[in-house]
Amino acid sequence: MPIQNTDISRIFNHIADLLEISGANAFRVRAYRNAARTVEDQSRSIVKMLEDGEDLAELPDIGKDLAEKIAEIAETGTLEMLDELEQKVPGELSKLLEIQQLGPKRVATLYHELGIESLEDLKKAAEDEKIRELEGFGKKTEQKILKELKRVQDSAKRTKLADAEQIVIPLCEYLQKIDGVKQVTIAGSYRRRRETVGDLDILVTCKKDSTVMERFTGYEDVTEVIAQGKTKSSIRLRSGLQVDLRVVPEVSYGAALYYFTGSKAHNVAVRKIAVKKNLKMNEYGVFKGKEDDEERVAGSDEEEVFASVGLAFIPPELRENRGEIEAAQEGCLPVLIDRSDIRGELHAHTHATDGRASLQEMVEAARSLGYSYLAITEHSQAVTVAKGLNRKRLEKQIEEIEKLTNEYGGFRILKGIEVDILKDGSLDLPDEVLAKLDFTICSVHSHFNLSADKQTERILRAMDNPYFNILGHPSGRLINEREAYPLNMEKIMKGAKERGVILELNAHPDRLDLNDHHCRMAKEMGIKIAINTDAHSTDGLNNMKYGIYQARRGWLSKDDVINTRRVAELLKFFKR
DNA sequence: GCCGTTTTCGGCCCGACTGTTTTCAGTCG
């Protein structure tokens, strides 16, 4: 298995943890974390860049030293420096940092005073009431550690965006009804529309005497009040999700919203720009002048906060410090795709296979969304569990669609198929049948465990078929459930570009496949994207919004996406 | 360990809450 970018970033983050525990310079620690992020954010393989003779020290936050360390990892899979570090502090200690309440200082104390090296050691020491005796610890901290140990075991995963939505919307409605509450906004990674969220950040403006904090911690779904103050409180809900509430004055609303939307990396980078302009930026506003004579220059809305540091407004989805700040300075941010740009759905199933609605119901639902076309794309015969269509049943469906089309003037029902890519790279239905369709989506639903080379070859071979139009859910991952299959995405994209193949951004909230990095990579390579819900019911068509979120995170504009086109123009993309 | 329109040294974002304290360190976001 070649060294992936995530392998390198994992090693750097691990080093940062261990350095921190061993009391190293905090800025040196940060340097490793910054570098880990840079590596993670590269859409191209770092090892490949190295092989191509590129100078990695040109990348942000990577200097001569870390470039050499990356080269060592690429060559040996590990770092001599890490081995040496682990002589000083056991590697497992970094796991203790996952426990809330435990940072590097306390972990160091636990290690040096009690010899604790693992979560098991920690549990035993807490149960034996040894921890409360340490300096800087106490009974309460010990009890919190025990509670945390249980939680970390139960759930370590981030919450999918759509699941978080189900939880947070009722909570916001509850907050909105409280006396004196004005604005209620969800900030954080939720507002940036990340595919998963770690916790939720809610921002509230209210009258001075509002009881919103007490009501928040008293919400019926709360299982634990983690912290409660005048302006900030944290709770844990039954689902395990942590929610932070911040109360800010209206005059600071924009600054606070900006601050708590993040990402942290984005904020840090923008605040550096502010410092250079002799401005101070925090959640209360942007300020000019000395401490005793401060003047607020921005704060009530986000636009003026951006303007105060010379930036165009950056949509939340882009705030990851992946080049959006430079683009905002130069005035060349992309105009991101919007939900209203979508003119039709290109991936839907009916109860002919594993869908739950009839052909007619799906058409009605698509029409009520204001679409002008809907493609029916059933599974093919290889997917037996989904009652995939064979040649005969597909031909029958084609007839049904043609008949129904005559009943709906102005609305186009496209004839498609989600045909399986078989193990040898052939397609699951003969070419002469595929020729009768408007287009095909071709997907991998089996043999996920081939090597990256074999899987890549398999898909490229399938793409050689002139009837191959869209590659369905290209990586095969299911968020929190199944990793993407090993694949050389760069090669796949190159192959798609050469052959005029379109890539699907599957909008299902469990898939969101392509991910944001891959969307951006495709855009940069000039590959077109289809945002498809893969709807198995009429309601499933509404998942389009999650696809739009992901597309926006991937810097996509209307022009990058084919189902923003009118049907006549759309069909041209399927001519190879 | 990185970085440079304060450029090879000396900086490196900023504030709230908790628990263990007697004025603040540690942690978190």
Side-chain angles (χ1 to χ4, degrees), chain A residues 12 15-16 19-21 23-38 56-70 79 81 96-110 131-145 148 187-190 192 197-203 213 217 224-235 242-248 252 255-256 258-287 291 309 321 325:
Chain A
F12 281 174
I15 288 175
L19 281 174
E20 220 174 4
I21 293 167
N25 178 303
F27 297 107
R28 187 175 168 218
V29 173
R30 188 190 295 173
Y32 277 93
R33 295 209 195 282
N34 289 342
R37 238 196 87 85
T38 296
L56 298 181
E58 306 258 305
L59 294 171
D61 296 323
I62 292 182
K64 188 166 169 283
D65 182 273
L66 288 179
E68 279 170 16
K69 288 202 166 73
I70 291 174
L79 274 181
M81 180 251 195
L96 300 191
L97 294 173
E98 288 169 26
I99 301 284
Q100 243 177 42
Q101 324 293 330
L102 292 190
K105 297 278 165 59
R106 283 180 170 160
V107 169
T109 305
L110 289 168
I131 290 173
R132 61 180 68 184
E133 289 158 19
L134 296 175
E135 202 178 316
F137 290 79
K139 200 174 159 186
K140 277 199 169 172
T141 307
E142 186 177 78
Q143 283 165 348
K144 278 201 172 178
I145 288 172
E148 269 291 292
S189 50
Y190 183 92
R192 302 200 309 280
V197 299
D199 59 14
L200 288 168
D201 300 282
I202 302 179
L203 194 66
M213 274 306 180
T217 53
E224 183 190 354
V225 177
I226 299 165
Q228 180 168 7
K230 277 209 290 263
T231 65
K232 180 188 173 187
S233 293
S234 293
I235 56 171
Q242 180 178 326
V243 187
D244 298 342
L245 183 71
R246 302 289 299 228
V247 176
V248 296
S252 301
Y258 185 42
Y259 191 93
F260 294 115
T261 296
S263 65
K264 194 171 171 175
H266 172 94
N267 285 353
V268 168
V270 171
R271 254 171 288 153
K272 271 187 197 163
I273 295 175
V275 168
K276 269 188 199 151
K277 293 180 186 284
N278 286 318
L279 296 168
K280 187 179 77 172
M281 198 175 206
N282 58 31
E283 58 263 57
Y284 300 108
V286 183
F287 301 91
E291 254 182 59
V309 289
N321 196 21
I325 297 167

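None of the values given here were measured: they were computed from a predicted structure.
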Q. Starting at the 5' end of DNA chain B, which residue's closest nucleotide do you reach first, A:Asp65 or A:Asn267?
A. A:Asp65

Q: Look at the side-chain N and O atoms of A:Thr231 and state whether any lies under 4.0 Å from the OP1 or OP2 oxygen of B:dC17.
A: yes

(Q) From CG of A:Leu134 over to C1' of B:dG19, roughly how many Å is that when rounded to an integer? (A) 14 Å

Q. How close or far is atom P of B:dC2 from atom CD1 of A:Ile15, stated in whole angstroms?
A. 12 Å

Q: Describe the nucleic acid contact of A:Ile99 in one word from base, sugar-phosphate, nothing, applying a heavy-atom distance below 4.0 Å.
A: sugar-phosphate

Q | Selection from B:dG29, B:dG1, B:dC12 that lies nearest to any side-chain heavy atom of A:Asp244 | A | B:dG29

Q. A:Tyr284 has a side chain; which of B:dG1, B:dC14, B:dA16 sits nearest to it?
A. B:dA16

(Q) Given B:dC12, B:dT18, B:dC2, identify the nucleotide with an atom nearest to the side chain of A:Arg30. (A) B:dC12

Q.
Whole angstroms only, please: what is the CD1-P distance between A:Ile235 and B:dC17?
A. 16 Å

Q: Give a yes/no answer on whether the side chain of A:Lys144 brings an N or O atom under 4.0 Å of OP1 or OP2 in B:dT18.
A: no

**Q.** Nucleotide of B:dG26, B:dT21, B:dG15 approaching A:Glu135 most closely (side-chain heavy atoms)
**A.** B:dT21

Q. With a non-hydrogen cut-off below 4.0 angstrom, is A:Arg28 in contact with a base, only sugar-phosphate, or nothing?
A. base

Q. Looking at A:Gln100, does any N or O in its side chain come under 4.0 Å of the phosphate oxygens OP1/OP2 on B:dT18?
A. no

Q) Got a donor-acceptor pair under 3.5 Å from the side chain of A:Tyr259 to the base of B:dG15? A) no

(Q) When you measure from the side chain of A:Glu142 to the backbone of A:Arg132, do you find a donor-acceptor pair of N or O atoms at a distance under 3.5 Å? (A) yes

Q. B:dG26 P sits how many Å from A:Ile145 CD1, rounded?
A. 15 Å

Q.
Tell me if a side-chain donor or acceptor on A:Arg246 pairs with a main-chain N or O of A:Asp201 at a distance below 3.5 Å.
A. no

Q) Taking all non-hydrogen atoms of both residues, which atom of A:Asp65 and which atom of A:Lys69 are closest, and how far apart? A) OD1-NZ, 2.7 Å

Q) Just to confirm, is there a sub-4.0 Å distance from OP1 or OP2 of B:dT20 to any side-chain nitrogen or oxygen of A:Thr141? A) yes

Q.
Less than 4.0 angstrom between a side-chain N/O of A:Tyr258 and OP1 or OP2 of B:dC14, yes or no?
A. no

Q: Using a 4.0 Å heavy-atom cut-off across all strands, classify A:Lys139 as base, sugar-phosphate, or nothing.
A: sugar-phosphate

**Q.** For atom NZ of A:Lys272 and atom C1' of B:dC3, their distance in whole Å
**A.** 8 Å

Q: Sticking with atom C1', work out how far B:dA16 lies from B:dG11, rounded to a whole angstrom.
A: 25 Å

Q: Please confirm whether the backbone N or O of A:Gln100 pairs with a side-chain atom of A:Glu148, one donor and one acceptor, at under 3.5 Å?
A: yes

Q. In whole Å, what is the span from the CD atom of A:Gln101 to the C1' atom of B:dT18?
A. 8 Å

Q) If we take the C1' atom in both B:dT23 and B:dG19, what is their distance in whole Å? A) 13 Å

Q) Between A:Ala227 and A:Leu66, who's closer to the 5' end of DNA chain B by nearest nucleotide? A) A:Leu66

Q) Reckon A:Asn34 touches a base, only the sugar-phosphate, or nothing at all at heavy-atom distances under 4.0 Å? A) nothing

Q | Complement of B:dT8, any strand, by Watson-Crick or G-U distances under 3.5 angstrom | A | none

Q: With P as the reference atom in both, quote the distance from B:dT22 to B:dC28 in angstrom, rounded to an integer.
A: 22 Å

Q) Could you give the CG-to-C1' distance, from A:Leu56 to B:dG1, as a whole number of Å? A) 16 Å

**Q.** A:Thr38 side chain to A:Pro60 backbone, donor-acceptor under 3.5 Å
**A.** yes

Q: Mind checking the CG-OG1 spacing from A:Leu203 to A:Thr261? Nearest 0.5 Å is all I need.
A: 8.0 Å

**Q.** A:Asn267 side chain vs A:Val270 backbone, donor-acceptor pair below 3.5 Å
**A.** no

(Q) By nearest atom, which of the nucleotides B:dC14, B:dG29, B:dG1 is closest to the A:Lys280 side chain? (A) B:dC14

Q.
Is there a side-chain contact between A:Lys276 and the phosphate of B:dT6, meaning an N or O under 4.0 Å from OP1 or OP2?
A. no

Q: Could you measure between the two C1' atoms, the one in B:dT8 and the one in B:dC3, and give it in whole Å?
A: 10 Å

Q: Give a yes or no answer on whether the side chain of A:Ser252 reaches the backbone of A:Ala255 with a donor-acceptor pair at less than 3.5 Å.
A: no

**Q.** Nearest to side-chain heavy atoms of A:Lys232, which nucleotide of B:dC17, B:dC14, B:dT27
**A.** B:dC17

Q: Report yes if at least one side-chain N or O of A:Lys105 is closer than 4.0 Å to OP1 or OP2 of B:dG26; otherwise report no.
A: yes

Q. What distance, rounded to whole Å, do you find between the two P atoms, one in B:dG15 and one in B:dT20?
A. 26 Å

Q.
Rounded to whole Å, please give me the gap between CD in A:Glu20 and C1' in B:dG26.
A. 11 Å

Q. Considering only the C1' atoms, how many Å lie between B:dT5 and B:dG1, rounded to the nearest integer?
A. 23 Å

